[in-house]
Every structure is written in C-alpha cells, then in structure tokens.
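Reminder, nothing fancy here: chain letters follow the sequence lines and each chain counts from 1.
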Amino acid sequence: MKKNQSSKIVIEIKDLWESFRIYHHKSMTLKDTFVRLKKSAYEEFWALKGVSFKVFKGETLGIIGENGSGKSTLLKCISGILEPSKGCIKVKGKISPLLELGAGFHPELSGRENIFINGAILGLTKKQIQERYDKIVAFAELEDFIDTQVKFYSSGMYIRLGFAVAIFADPDILMVDEVLAVGDESFRKKCFDKIKEFQKMNKTIIIVTHDMGSAYRFCDRLVLLSKGKINKEGKPKEIVRNYVNSVIEDEKFSEKGSKDIVLTKVELFDENETKQTNFSPGDNLVISITYNAKTAIKNPIFGFAIFDQQGNHCFGTHTKYKGLNIPEVNGVGLIRFKLDSLPMLNGKFYLTVAAINESNDIYHELKNCLSFEVTSSNDDEGTLYIPVECEIQSLSNKSNTKQEVGKN
Amino acid sequence: MIAKLIEIYKHRELLVVFTKKELKVKYKNSAMGVLWSFINPLIMAVVYTLVFSKLFGASKEIKDYPIFLLSALLAWNFFTVCIATSSSAIIANANLIKKVRFPREIIPLSIILAALANYLMEVAVLMVILLIMGYNFIPYLPIFLLVLILQLIATAGFGFIFSALTVYFRDIEQLINIILLIWFFATPIVYDISKVNKLSPIFATALKILNPLVSIMLLYRSSLYYLSWPSLQLIIYGLLGSTSIFIAGYILFQKLSPNFAKEV
C-alpha cells in the first residue's frame, strides 16, 4: 500500500484563509439590506486560518479533525467550489469531488439520464460516459432500476450510483468526504477495494473522515485540523494517537459527584503487579482504585466501565454485581478489580470508575480517567479476541492422524 | 474575462447536457408535453386579440392584429421564461453549486438555450401561418436572425443579472412577476410604438434607449410583420442595448458568483 513518494507536488496550499458570513438574521431580503445598511447584519467567521500543506503524487492523504474544524471547507477550497479569501491553492490534474455523492442528481430523471448528467458535471464527454456506462451500472448494482426515476431510489441506491459515477470519472485526484461511512457492508468493501485499486494506480487520494479506522488503514499521511488550523501532520500512527488523546483531554475526561467518597487514585497493573498501560489480548489486568471517605458511608458500591475510542460501552460492572457487599467505609482504602483474559484484540480503551450508593447517587465519578492500549501480536482480524485452536482430522482410512496446527 | 470564456467553452458539453435536462424535466410527467408550448401562446393570442383589437378597437388601425401581436409576443414569452426561470435557478441548483465546481454561467445559459429550443418551434409554426396568409418574410430572414442573436445576447445579460442578484436578495424571486408585468407594457407588444411617438416623441425615444427590448421587438416586427428593412438607427440601438446589458450582467455575475457556494 505504501509506495515510494515521488516528490512531484500535485496540490500546494499556501497560507489558506477562508471566511464565512454568519447572518444574525436568516432572511436576506431587500428590505433587510436597506434597513440594516449601517449595522452589520453578519459576523465574519474564519473556517480556515492560514493552512499550508502539500500533497504529493500517488499519496493518500487523510484529513481528520473534530466537527467544525474546517475539513469540509478545506476540501471545497481544493476542489474549487469555494474561492479562498486569502492565500493560494495550486492543483495539477483533474479532481473528482466526491463531496456528498449524487450531488446534482435530478429526482425526476431516470438513473440512466442522471449518469450522463453527473458524468458531464464531473468532466466526462458523452463518448467517455457511453464507454463506461455498463461498468458504472454494474458497479452500482442497479441493472434492474436504471430506467426508474431517481426519486424512487432508496438512499442506498442513490449513494451507490453517485459513487459509481464518481469513481469511473477517472480523476487524477480522488476526493472522498465521509462517504465511506454509508452504504451496506458489501458495498463499502467494494468502495474500499476501488480505493485500493486507485492507490495501486498511483493516483492521489484525499480522504476526509471521522473514522480513525479507515484513516489509519488507508492513509500514508494525515493532517489533523483543529479550529481551522493544522494541529499536526505526519504518519497515521502518531496522528491518530494524538487526535484521540486531544479529544480525551478536551472533551472526554470529566468528574462529578457529591464527593462524600473521593476516588484519589486509579492505577492499572498487569499480572506481575507492575504498572502497565499496554496489554496484549488475553492478558490479565488489575484495576486498583484508592478511595477516601471523610465520614462513615454505609453500603457504598464501587464500579468501573470500559469504553472504546468511538465511545461504545464495552463492559461495566460493580462490587454489588460481583457479590461484594461493603457494609461501611471510613477513611482511606483500596478496591481492586482483577480482570481475567482481556477479550479485546486491538485498540485504545478508556476507563471510567465511580463510587455510588444503592440508589445510584454518585459519590464520585472519574469519567475516562485512564486509557490503555491493546495490541495484538498476530494477524487476527476484528475487534474481539477469541482464543482459537484449530485441528485437522482426516476421515479417510489411509492415515489416522490428528494434528493440532495452530494455537495462540 | 477571456480565461473565463475559454473555461465556459471547455464546458460546452455540460451546457448541452444541462439544456437537455431542462427540456426533459419540463415535459416529464405532463401528458401533453411539448404541445404546451403551442397551446400557451395560442390562448394568449386569442385573449389579447379579443381584448385589444375588439374591445379597444386596435383592429381598425392595425391590420391582422393577431400576426402583429404574435410577431412580438412569442419573443416576449421566450424572454419572460428565461428571466423568471433564471432568477430562481441558482437557488434551485444550490445542491450542485455547493458540491461541484463548474462555471456557474452554465446555469443561466442552459436555461436560455432550453427556452430557445421552445421558441424556435413556436416561431416555425408562426412562419408557416405567415406564409399561408401571404406574408413573405423570407427576404427579411437576415434581419430575423440578427434580432434573434441580439435577443439572445440581451437575455443572457439579464439572465446573469437576475440569477446572481436573487442569491443575495431573495425578494427578487417574488418581485420578478411584477417587474415583468410592468416591463410587458413598457415594450411595444400589444400596442404600436408609433402611437406612443404621437403622444410624446421624447418618451418614445427614452423607452427605446432605456429598454433594450423595444428595439428588439421593433426589429422582429419589421422582419415578420411589416416586411420592410429597419432603419440603421434601430439596429444600432438594438446592438448597443443588448451588448451593454450583456457586459454589465457578465461583470456583475463574475463579481458575485465566487461566493454563490457560501450564500445559497
């Protein structure tokens, strides 16, 4: 997937600034304009503040960042939909904007007619579209509906047709904006395969995404935008980690509660009782929580929860579920949860710990207070770790071997 | 400016596709389809003839009032369709404007070309009627072609102006019908300009200078109805009027179109 970057620059962006007007009064009418001639009816909002970077031929660049960080504005500037307020952009080659697939489909017209219209919008001649027509229809899997008006299409069909036209427009630079998150699994796989094919053809690709997984898998280089500026630029591995951490520090970590019991320290240990934040699938792990109860608290419950990068709740439990009844705590103490055999395969996970009472009132909760990483040392795929043994048994009479092949 | 024109030329195929789309969408789902472009002017002609020639007695002064009327009315209808459609066109195509790069001029231009196709069909029918009624306009075809080109240039100019301004002032979409109504009576379509000339020659001249459509309608009439060569002065008025509107509209459109994607 990675290829030797020729130093040919295909996109060069120098000190790009882009502003929008935020209107305080939505209606833009003649009367408004004349009445508010003196007062400014809008505010200048800078979506991009001095962004500079280069894109080289054949590389796959990912642009990541939180909502409102300027990703889509940047893509629109590159594709020439928006004119920069300041700065300059140089682009060599034909760009296919994948900005929202199916842009420009006319609902009253059939799929066939829309292929020709959309193809022309993407810069294809009629002859070129005719040559690719069958491939486009086959890729979109719309053979039976191609003469149906697009307004009767399901949203999935709509997106498939849009992606198919865009991908067969044969651009030098392919731009993908969040589209990989849509469509069913098999179509997504097809799109990914097509993107890989583009990579093999040494085409330049720019992907804008929230999905760290695809950013990590596809991109040679990532640009992390935050509030209209480039926060970091570099290899996917470093950037993704950086991104996730910055999101955590900014947004995710929080604490709350009455603080009748305070959780003063949370630590993770491996089975050898050494502090650890990196684990392998199947490892044992100990969560150690130090508490301090200022007065005597009756029947407290201590618990923890594990979330993944996307914020999915992976697991959670507490002392009461586990049959540990604590009649009373007073002063400083230690709670230890021993976790046997981590069932995660890969990824970063966040730990939340809390002390509550029986009616779920929170004494103290530390949300996303710690993170740990699970890294698989073998090639297993997916999100869960399942210990697998495989064996082969020949059922013919020739030999009677029973062989264990793999175990991990 | 030249670079922009070259870019539009490079996208000529897109212009054709958009024009076809306009036409297809227009007649999709309507049972009578293209027939409407004949029924509409026919009914208008009947109504105006009844009102103006019978009620107001224009038939006494004007020979073959329906021919007199239609020779300008068809062109006016063509103009009206272009202006009304292009004033809402940019907003209607917001989806496209915000997502894809292409010369924005294509949108008003494709509307004009689609309407032109309709207009030519109507004119063809009118020409058959003219020949049947003994109006031999064939020697004056060059004038007809000239004025057709002038009208296209002027319409493109007005199309640029209204399509661009509506993005910033949404009221124009509502206002346009009133503007067109006043404009209709400020253009010699149902009446003869010579009548205005008799009442106030200065007013008639002012109308000719301020309203580029006056000279266009008069040129249409001289080629299809009066069957006479127009004065050079009239041709120059038409030429100057339409080119200056085109240039003004084009410049305005260039100024406003880069920000369409932010405003729609």
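Aromatic ring centroids of B:Trp183 and B:Phe79 lie under 6.0 Å apart. Between B:Phe184 and B:Tyr48, the gap from one ring centroid to the other is short of 6.0 Å.
Proximity to chain A is absent for every atom of B:Lys10, based on heavy atoms less than 4.5 angstrom apart. Neither the backbone nor the side chain of A:Thr73 comes within contact range of chain B; no heavy atom of the residue lies under 4.5 Å from a heavy atom of that chain. When heavy atoms are compared at a cutoff of 4.5 Å, B:Ile97 approaches chain A solely by way of its backbone atoms N, CA, C and O. Interface remark: B:Phe18 contributes side-chain atoms only to the contact with chain A (heavy atom separation under 4.5 Å).
Expressed to the nearest 0.5 Å, how far CD1 of B:Ile245 lies from OG1 of B:Thr155 amounts to 10.5 Å.
Taking each heavy atom of B:Ile189 and B:Met217 in turn, the nearest pair found is CG1-CG, 4.4 Å. Summarising the geometry of B:Pro258 relative to B:Phe253, their closest heavy-atom pair is CD-O, 4.4 Å, with the distance given to 0.1 Å.
Interface remark: of the candidates B:Asn93, B:Ile106, B:Leu14, B:Val16, B:Leu14 forms the most heavy-atom pairs closer than 4.5 Å to chain A.
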